[in-house]
K.L.:
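Questions regarding the structure given below will be posed in turn.
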Number of protein chains: 2
Amino acid sequence: MTLKFAILGLLAEKPMSGFDLVGEFSTARSVIWPAPQNEVYKILRALLAEGAIKVAERGARGRVVYAITPDGQKALVAWLGEPSDYTMRYEPMLKAVFMRQAPPTLRRKIAKADLDFAHSQLAALRKADTEHKRAGNRDNRQDARRLVILFYEAIEKWAKETVE
Amino acid sequence: MTLKFAILGLLAEKPMSGFDLVGEFSTARSVIWPAPQNEVYKILRALLAEGAIKVAERGARGRVVYAITPDGQKALVAWLGEPSDYTMRYEPMLKAVFMRQAPPTLRRKIAKADLDFAHSQLAALRKADTEHKRAGNRDNRQDARRLVILFYEAIEKWAKETVE
DNA sequence: ATATCACATGTGACTTCTCACATGTTAAGG
DNA sequence: CCTTAACATGTGAGAAGTCACATGTGATAT
């Protein structure tokens, strides 16, 4: 059900088509909550059926742009207000739990990979940050970007300690 | 498939029954990778079928204790060596992305809840840390605990900034 | 013109996950 | 003894997520 609200949240920011949404989930943002192309269209149909979104525009090549409805807005805020599920699924963290089962060389290799990934993400996030500031348009994602930056800095710190 | 290795990893630390494993996944550790009771038994049957684990002991009330086999050890290390999937599923982080869709009061409420949760987790983790140090037995989980502590400290920092 | 590629959505089979319920066994207390 | 609670595993239905493939359309470059 969480993915449903991820899609609804994106549509609350601006109207988009299924194709656009697939793009959102397959790039930088996919890191926070992944979604196969398939699911996106399925959920759009469901959201449409329950009246949370509506067809805003029909374009070329069968393109359908959806926009959030007032009902959808309400549903999104209601979800935000509900107590969160604090369980996490993050493979690198699970691997850390069992790392000691592997020889030191492998442990260092794993930490190195995590470090590289954290660096690439941090670079992208910081670039997005400065670009948003330069553009000066209001930025709905600043809270999240801050959180994700802190998150990868934590990974970075851990990985550095572990590589040594 | 990740859950399979979570179970295999736990059995690599010490032999356990399905019931024991269910307990592992429903307390502190569940926070890293959740598993319904149901799945645990199903995966145990699968692991047994592929020879990654074996029956180590049969106890009262139908209790079956499983232990990892050399093949299982190999499979675990092979999994550790594979490139990680860096996609994350963590609802609080997703909510942060769409937070600005909610009024400031609600935003503060969400951040407060995250802060409280981070605090409770940090307290538990630090307690486990000092206990392990006092006991002095070798600690397979120290890397992971360090990572999780850094993670919750990041959450804590973000939540504090956001509550203000 | 027409070939090619990016755009755009869809279907079906399969695995994993979740929820709810069902069943039998031993330990422990009154 | 006998009830109760914790121990221990299991089944089945349905939702959500994954993988691979299929289909059609419009832009653009040769």
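By convention in this document, chain letters (A, B, ...) are assigned in the order of the sequence lines, proteins followed by strands, and residues within each chain are numbered from 1.
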K.L.:
On DNA chain D, check which nucleotide each of A/M1 and B/F19 is closest to and give me the residue with the more 5' one.
P.N.:
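This one resolves to B/F19.
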
K.L.:
Show your working on salt bridge (charged side-chain N to carboxylate O under 4.0 Å, His left out) between A/R141 and A/E131 and close with a plain yes or no.
P.N.:
CA-CA 13 Å; A/R141 297 272 179 81; A/E131 265 168 26; over 6 Å; no

K.L.:
Between C/dT16 atom C1' and B/R89 atom CZ, what is the distance in whole Å?
P.N.:
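The distance from CZ of B/R89 to C1' of C/dT16 comes to 10 Å, rounded to the nearest Å.
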
K.L.:
Compare side-chain N and O positions of A/S17 against OP1 and OP2 of C/dT9 and report whether any pair is under 4.0 Å apart.
P.N.:
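Yes, because at least one side-chain N or O of A/S17 sits under 4.0 Å from OP1 or OP2 of C/dT9.
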
K.L.:
Using a strict heavy-atom distance below 4.0 Å, which residues from residues 37-55 of chain B are in contact with DNA chain D?
P.N.:
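B/Q37, B/N38, B/Y41, B/R45, in order of number.
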
K.L.:
List the atom of A/V163, the atom of A/A111, and the distance in Å for their closest heavy-atom pair.
P.N.:
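Scanning both residues completely, I find the closest heavy atoms to be CG2-CB, 3.7 Å.
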
K.L.:
Is the distance from the ring center of B/Y86 to that of A/Y152 below 6.0 Å?
P.N.:
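So the answer is no for these two rings.
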
K.L.:
I'd like to know if B/R45 and B/E39 make a salt bridge, using a cut-off of under 4.0 Å between side-chain N and carboxylate O.
P.N.:
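Salt bridge flag = no for B/E39 with B/R45.
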
K.L.:
If each of A/P36 and B/Y66 is mapped to the nucleotide of DNA chain D with the nearest heavy atom, which maps nearer the 5' terminus, i.e. the 5' end?
P.N.:
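Here B/Y66 is the residue nearer the 5' end.
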
K.L.:
Can you give me the closest heavy-atom contact between B/M16 and B/L21, atom names plus distance?
P.N.:
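So the two residues come closest at CE-CD2, 4.1 Å.
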
K.L.:
Nearest-Å distance, CG (B/L21) to P (D/dC7)?
P.N.:
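Spelled out: CG on B/L21 to P on D/dC7 is 15 Å.
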
K.L.:
Taking 4.0 angstrom as the limit, do A/D139 and A/K133 come out as a salt bridge?
P.N.:
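The answer is no: the pair does not qualify as a salt bridge.
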
K.L.:
Taking the six-membered ring of A/W79 as reference, does the cationic atom of A/K4 (NZ for Lys, CZ for Arg) lie under 6.0 Å from its centre and within 45° of its axis?
P.N.:
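Relative to the ring axis of A/W79, which defines the angle, A/K4 lies outside at least one limit.
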
K.L.:
If you check every side-chain atom of A/R61, which of C/dC17, D/dG24, C/dT25 has the closest atom?
P.N.:
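Among C/dC17, D/dG24, C/dT25, the one nearest the side chain of A/R61 is D/dG24.
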
K.L.:
From CZ of B/R58 over to P of C/dT25, roughly how many Å is that when rounded to an integer?
P.N.:
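From B/R58 CZ to C/dT25 P: 15 Å.
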
K.L.:
So if I apply the side-chain contact (heavy atoms from CB on, under 4.5 Å) rule between B/I7 and each of B/I68, B/L44, B/I53, which one comes out positive?
P.N.:
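Of the listed residues B/I68, B/L44, B/I53, the side-chain contact (heavy atoms from CB on, under 4.5 Å) partner of B/I7 is B/L44.
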
K.L.:
With a 4.5 Å heavy-atom cut-off, do A/V40 and A/F19 have their side chains touching?
P.N.:
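No, too far: nothing below the 4.5 Å cut-off.
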
K.L.:
Please list each protein N or O that sits under 3.5 Å from an N or O in nucleotides 1-3 of chain D, with the distance.
P.N.:
none

K.L.:
Send over the distance from A/R63 CZ to D/dG26 C1', rounded to a whole Å.
P.N.:
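Taking CZ of A/R63 and C1' of D/dG26, I get 13 Å after rounding.
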
K.L.:
Please state how far atom CD in A/E24 lies from atom P in C/dC7, giving the value in whole angstrom units.
P.N.:
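Computing the A/E24:CD to C/dC7:P distance gives 14 Å.
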
K.L.:
Roughly, in whole Å, what's the span from CD in A/E57 to C1' in C/dA8?
P.N.:
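The answer, rounded to whole Å, is 14 Å.
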
